[in-house]
Novice: 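Please see the structure below; I have some questions.
In this chain, numbering begins with 1 at the start of the sequence shown. Just so it is clear, the model here is predicted, and its values are computed rather than measured. Order of listing sets the numbers, starting from 1, for every ligand and every atom in it.
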Amino acid sequence: MKDWYRICFLLIIGIYFSCNENHNGNQIAFSKNEIQIDGNPSDVSWQKVEWRQMNHKWLGPDIPKEDFQGKFKLLWDEDHLYVLAEIVDDTLIDINEDGLEFYWNDDCFEVFVDEDASGGEHTFNYNAFAYHLSLDNKVVDIGRDSIPHYYDHVKYVRKTEGNTSIWELSIDIYDDEYDMTPSYPKMKLSEHKEMGIAIAYCDNDHSEEREHFFGSMHIDGEDKNRTWKDASLFEKFVLAK
Ligand SMILES: [Ca+2]
Ligand SMILES: [Ca+2]
Ligand SMILES: [Ca+2]
Ligand SMILES: [Ca+2]
């Protein structure tokens, strides 16, 4: 009888921890240590968090692993959201010299941030940001005027060795009233805050237009290239301590 109680107890503990583990999957850990944005992932804080996969294909045909593989980590502190990504891409190209034109057809890393996890339409407003990070250190998103602009909200360094690139980012967070004035206040982040986030990569190797688009979450339906308009597709995360 004693054994039966023990088995029940262990089962309950096991179920509790497996539920808790799933829950933690959408929590972003707090960084107690400073993170150097230098493309080197050796910072103490990065060592403590698990990789997340960005293996959902949003555009293009199926491809072999050498063509694209991506994984990433997230962290936060009061002043920034941090992203570390490891991207395997067989060819890096930057064919559009003007960073504000057809930038999505060059290899680029994308971070979608919906500061208050409101979801909803964000094409020509700042309900959410769709930061496109180019190979040559330009950050672009479409403004309220429906024209692409450069932003200084994301500091990042890309280090590439062979087919593998490390992208390390710190992101200033702004609310949806953001108006592009240099004095517009950045947000202070705090525990329990909910944020909508999607991480993606536009892969082009040899073509005039991008060949594939991969992201961090599943998107229902035939047309999966909708994160640039619809923040409701982003995954919801909670800032944890
Ligand atoms: Ca670093
Ligand atoms: Ca590729
Ligand atoms: Ca929002
Ligand atoms: Ca490529």
Novice: Would you tell me whether D179 and Y126 have side-chain atoms, one donor and one acceptor, within less than 3.5 Å of each other?
Specialist: no

Novice: Please find the N/O/S atom of D90 nearest to the Ca ion (ligand 2) and write down its name.
Specialist: OD1

Novice: Under a 4.5 Å cut-off applied to non-hydrogen side-chain atoms, are D116 and D114 in contact?
Specialist: yes

Novice: Surrounding CD of E78 (heavy atoms of other residues, nucleotides or ligands, distance under 6.0 Å), is the total greater than 12?
Specialist: yes

Novice: Check D89 and report its N/O/S atom nearest to the Ca ion (ligand 2), by atom name.
Specialist: OD1

Novice: May I ask you to check if K57 and F214 form a cation-pi contact, with NZ or CZ under 6.0 angstrom from the six-membered ring centre and within 45° of the axis?
Specialist: no

Novice: Listing by chain and number, what protein N/O/S atoms are under 3.0 Å from the Ca ion (ligand 1)?
Specialist: Q36 O, D38 OD1, N40 O, D43 OD1, E168 OE1, E168 OE2

Novice: Assess whether a salt bridge exists between K138 and D136, defined as any Lys/Arg side-chain N lying under 4.0 Å from an Asp/Glu carboxylate O.
Specialist: yes

Novice: Applying side chain to side chain donor-acceptor pair (under 3.5 Å) between D172 and each of H80, K155, H153, report the one that passes.
Specialist: H80

Novice: Give me the ring orientation class for Y174 and Y184: parallel if the planes are under 30° apart, tilted from 30 to 60°, perpendicular past 60°.
Specialist: tilted

Novice: Shortest non-hydrogen contact from T227 to L233?
Specialist: N-CD1, 3.9 Å

Novice: Is there an N/O/S atom in D67 that lies less than 3.0 Å from the Ca ion (ligand 2)?
Specialist: yes

Novice: At a cut-off of 3.0 Å, list the protein N/O/S atoms near the Ca ion (ligand 3), residue plus atom name.
Specialist: D114 OD1, D116 OD1, S118 OG, N127 O, N127 OD1

Novice: Restricting to N, O or S atoms, which atom of D203 is closest to the Ca ion (ligand 2)?
Specialist: OD2

Novice: Between D203 and R210, does at least one N-O distance fall below 4.0 Å, as a salt bridge requires?
Specialist: no

Novice: Would you indicate whether the side-chain heavy atoms of Y201 and Q69 approach each other to under 4.5 Å?
Specialist: no

Novice: Return yes when at least one N/O/S atom of D205 is nearer than 3.0 Å to the Ca ion (ligand 2), and no when none is.
Specialist: yes

Novice: How close do I173 and E115 get, counting heavy atoms only, and between which atoms?
Specialist: CG2-CG, 3.6 Å

Novice: Look up atom OG1 in T91 and atom CZ in F68, then write down how far apart they are to the nearest 0.5 Å.
Specialist: 13.5 Å

